[in-house]
K.L.:
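Here it is, the structure in full.
Not measured: the values here are computed from a predicted model.
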Amino acid sequence: MDDRLLLGIDIGTSSSKGVLVDLAGRIVAQHEVAHGFDMPRPGWAEQDADAVWWGDFCEIARALIASAEIDPGRIAGVACSAIAPTMLPLDENYQPLRPAILYGIDTRAGEEITELNAALGDDAIFARTGHALSAQSVGPKVLWYRKHQPALFKRTRKIVSAATYLVFRLTGRFVLDNYVAPYFTPFFDVPEMSWRKDWVERVCPLEWLPETRWSIERAGSVSAKAAAETGIPAGAPVAVGTADALAEAVAAGAVGTGDLMVMYGTTLFLIQTTAEYRPHRDLWASVHLRPGAAVLAAGMATSGALLRWFRDEFAADLLAAEKRTGVNAFAQLAWEAAATPPGAGGLIALPYFSGERTPINDVHARGLFFGLTLSHTRAHLYRSCLEGIAYGLRHNIGVMTGAEAAPQRLIAIGGGARDALWLQICSDVTGLPQDVPQRTIGAASGDAYIAGMAAGLFSDYGELRDSWVKIDRRIQPNLAAKATYDALYAIYRDLYRDNRDHMRRLSQLSANELAP
């Protein structure tokens with residue numbers, strides 16, 4: 001019997017998770033560490049690369065090995081995924097110069113987006129990268145860094161994303177996977193699969209960027225130094241790895257053409273596997289783990305983050321009760337919301353509480369509760385948040401369908417996939433069923449499979465489909481509820497259009513004038 005194990009670790013926005021998995025896909029050990037991210041100013045989102053990313057990785061690796069009581073020599077491959085794209089500058093000793101600037105939930109670089117579009121031409125950028133510049137793009141954030149922190153910029157020698165930094169700490173190699181590279185817009189030329197030197201060097205030196213490779217390639221081996229810090233044996237092969245979202249799609253088994261992974265996390269992220277590269281101005285196109293497949297992706301800036309904000313600000317009593325009784329505050333909010341009918345009593349929430357990513361790609365977008373009356377309760381407000389996220393999901397799926405990439409199968413994954421009400425509302429609003437895998441630990445499981453591919457233990461997705469991923473249940477839409485949601489969705493779409501200019505004016509007012 002082959003007793004080799006695969007190690008997968010994922011660094012997410014709000015927590016990090018790791019698993020040890022045998023070659024048949026059985027979980028031998030799992031461990032999770034909660035963390036947060038900093039918001040030093042409105043629209044900014046940052047994390048400490050050493051304390052959070054590498055600190056969590058080391059803690060999880062050691063905890064997994066200890067809890068499983070295994071010989072570390074059984075670990076045959078390692079892969080990690082992480083939030084992406086992020087922007088972390090390193091000095092000449094490859095130490096972080098500042099906290100990492102996070103992905104699309106950080107909206108600080110709005111002026112730089114405008115500046116780069118004017119300099120390069122938004123049509124030219126899209127033609128070469130397949131992406132329009134947005135809050136998700138790394139290039140404008142590097143430009144912001146150069147303009148606003150020039151002393152640190154002069155000391156910079158590398159610009160990396162989160163998984164790149166982790167692989168460097170493990171192997172000493174700087175590599176970035178081809179899936180994440182296009183999000184370094186406008187630096188990466190997708191048709192050429194290489195950095196575009198002239199556009200990169202408008203902002204920073206080309207040598208600051210890492211080498212790009214396929215996710216399932218071997219980046220290197222665990223160094224002696226990393227072995228001492230993590231407990232993983234020196235010499236263990238390390239995959240190039242990828243973003244948390246693509247690793248989640250692998251964990252869900254969403255690797256066939258037409259499979260759409262819906263990741264219910266701090267943000268909501270969608271990845272559909274496509275047979276060919278399909279760039280779209282309102283979505284994100286990229287390549288897959290290896291040649292021969294591509295993805296069409298979308299993402300909302302807030303989903304679980306919005307629900308957590310609501311719980312923390314409006315359900316202090318439930319949080320206090322949770323400490324006393326153990327009854328989860330989210331479960332209690334869901335129970336209250338389930339007692340209200342579809343449509344939340346005519347209340348509609350725009351979930352743009354941290355700007356919005358796809359399909360509106362507007363850093364100035366703002367959240368909104370519309371239709372409030374004196375008869376509305378906390379339950380109506382919470383339900384409207386769930387429904388607002390579902391409307392955003394429907395909006396993104398509609399754009400995918402219009403791009404001739406209608407999803408054939410939805411697979412729900414992530415922490416929110418354990419919330420039965422949230423899933424039901426999303427199926428009711430979209431009118432689409434959702435498959436829920438038995439195992440929803442998420443990206444770490446996908447990382448373990450990627451580790452196996454990089455180590456040469458798997459040649460394709462056969463083992464993933466046959467034994468790693470099993471579907472637990474299917475959520476069917478309630479068509480009567482969908483009729484209600486159809487009418488409200490039309491109003492939802494109009495609300496952003498009618499208030500877009502007001503949102504922009506608000507966001508451009510002095511932060512000091514509007515500081516809470």
Side-chain angles (χ1 to χ4, degrees), residues 39 42-43 45 103-107 110 134-136 262 264-270 282-283 298-314 333 337 340-373 376-400 416 419 421-422 425-426 428-430 481-482 484-509 514 516:
M39 298 189 71
Y103 53 98
I105 60 174
D106 185 290
T107 58
S134 71
Q136 191 80 343
V262 184
Y264 294 89
T266 302
T267 67
L268 188 138
F269 205 90
L270 311 176
D282 297 328
L283 303 170
M300 297 173 63
T302 56
S303 58
L306 172 58
L307 304 182
R308 186 167 55 251
W309 166 81
F310 188 94
R311 179 201 64 182
D312 293 348
E313 297 298 330
F314 303 111
L333 280 169
T340 67
L347 185 60
I348 300 174
L350 287 187
Y352 308 150
F353 280 58
S354 188
E356 185 54 298
R357 298 191 285 174
T358 64
I360 65 171
N361 295 300
D362 186 354
V363 298
H364 303 291
R366 292 293 179 266
L368 175 68
F369 288 103
F370 178 76
L372 279 166
T373 71
H376 285 115
T377 65
R378 177 172 71 185
H380 291 101
L381 283 161
Y382 187 70
R383 184 174 187 114
S384 75
C385 288
L386 295 171
E387 292 175 347
I389 297 166
Y391 294 140
L393 171 62
R394 176 171 171 172
H395 193 182
N396 277 292
I397 290 175
V399 175
M400 287 182 170
D419 187 327
L421 178 63
W422 192 4
I425 287 173
C426 285
D428 293 349
V429 167
T430 62
K482 185 178 184 299
T484 298
Y485 289 132
D486 285 347
L488 294 172
Y489 177 68
I491 300 172
Y492 169 90
R493 291 291 304 277
D494 288 345
L495 282 173
Y496 169 71
R497 182 200 64 196
D498 295 344
N499 288 282
R500 179 172 50 203
D501 291 342
H502 298 310
M503 292 175 180
R504 183 173 294 271
R505 289 166 60 195
L506 271 177
S507 72
Q508 291 176 340
L509 289 174
L514 296 178

K.L.:
Can Arg308 and Asp312 be counted as an ion pair, charged N to O under 4.0 angstrom?
P.N.:
no
K.L.:
Taking the six-membered ring for Trp, are Tyr485 and Tyr391 parallel (under 30°), tilted (30 to 60°) or perpendicular (over 60°)?
P.N.:
perpendicular
K.L.:
State, to 0.1 Å, how close Arg383 and Pro341 come at their nearest heavy-atom pair, and which atoms those are.
P.N.:
NE-O, 3.4 Å
K.L.:
Does the side chain of Glu387 come within less than 4.5 Å of Tyr492's, by heavy atoms?
P.N.:
no
K.L.:
Between Cys385 and Leu307, is any pair of side-chain heavy atoms under 4.5 Å apart?
P.N.:
yes
K.L.:
Go through the side-chain N and O atoms of Asp362 and Tyr496 and say whether any donor and acceptor fall under 3.5 Å apart.
P.N.:
yes
K.L.:
Mind checking the NE2-CG spacing from His380 to Leu347? Nearest 0.5 Å is all I need.
P.N.:
8.0 Å
K.L.:
Counting distance only, does the side-chain N/O of Ser303 pair as donor-acceptor with the main-chain N or O of Tyr264 below 3.5 Å?
P.N.:
no
K.L.:
Report the C-alpha distance between Arg394 and Asp486 in whole Å, list the side-chain angles of each, state the deciding distance to 0.1 Å, and finish with yes or no for salt bridge (charged side-chain N to carboxylate O under 4.0 Å, His left out).
P.N.:
CA-CA 10 Å; Arg394 176 171 171 172; Asp486 285 347; 2.8 Å; yes
K.L.:
Measuring from Ser134:OG to Ile360:CD1, what's the distance to the nearest 0.5 Å?
P.N.:
11.5 Å
K.L.:
Do Val429 and Lys482 pass the side chain to side chain contact (heavy atoms under 4.5 Å, CB included) test, and can you show the C-alpha distance, the side-chain angles, and the key distance before you say yes or no?
P.N.:
CA-CA 5 Å; Val429 167; Lys482 185 178 184 299; over 6 Å; no
K.L.:
To the nearest 0.5 Å, what is the distance between CZ on Arg366 and CG on Asn499?
P.N.:
13.0 Å
K.L.:
Roughly how far apart are Thr358 OG1 and Leu283 CG, rounded to 0.5 Å?
P.N.:
6.0 Å
K.L.:
Could you tell me which non-hydrogen atom of Leu393 sits nearest to which non-hydrogen atom of Cys426, and how far apart they are?
P.N.:
CD2-CB, 3.8 Å
K.L.:
Do Asp501 and Arg504 meet the salt-bridge criterion of a basic N to acidic O distance under 4.0 Å?
P.N.:
no
K.L.:
Taking all heavy atoms of Ala365 and all of Met503, pick out the closest pair and write down the distance.
P.N.:
CA-SD, 3.8 Å
K.L.:
When you measure from the side chain of His395 to the backbone of Pro359, do you find a donor-acceptor pair of N or O atoms at a distance under 3.5 Å?
P.N.:
no
K.L.:
Are there over 12 heavy-atom neighbours, none belonging to Phe370, within less than 6.0 Å of that residue's CZ?
P.N.:
no
K.L.:
When Ser354 is tested against each of Thr302, Val363, Leu306 for side chain to side chain contact (heavy atoms under 4.5 Å, CB included), which residue passes?
P.N.:
Thr302
K.L.:
Going by the ring-ring contact (aromatic ring centres under 6.0 Å, His included) test, name the single residue among Tyr382, Phe369, Trp309 that passes it with Phe314.
P.N.:
Trp309
K.L.:
How about Phe269 and Val262: do any of their side-chain heavy atoms sit closer than 4.5 Å?
P.N.:
no
K.L.:
For Ala481 and Asp428, which heavy atoms make the closest approach, and how far apart are they?
P.N.:
CB-OD2, 3.8 Å
K.L.:
Please check this pair: side chain of Glu356 against backbone of Ala301, looking for a donor-acceptor N/O pair closer than 3.5 Å.
P.N.:
yes
K.L.:
Under a 4.0 Å threshold between the charged nitrogen and the carboxylate oxygen, would Asp282 count as salt-bridged to Arg357?
P.N.:
no
K.L.:
Would you call Ile389 and Met300 a side-chain contact if the rule is heavy atoms closer than 4.5 Å?
P.N.:
yes
K.L.:
Working to the nearest 0.5 angstrom, can you tell me the gap between Ile105 CD1 and Met39 CE?
P.N.:
7.0 Å
K.L.:
Taking atom CG of Leu381 and atom CG of Leu372, what is their separation to the nearest 0.5 Å?
P.N.:
5.5 Å
K.L.:
Looking at Gly388 and Pro351, what are the two nearest heavy atoms and their distance?
P.N.:
O-CG, 3.5 Å
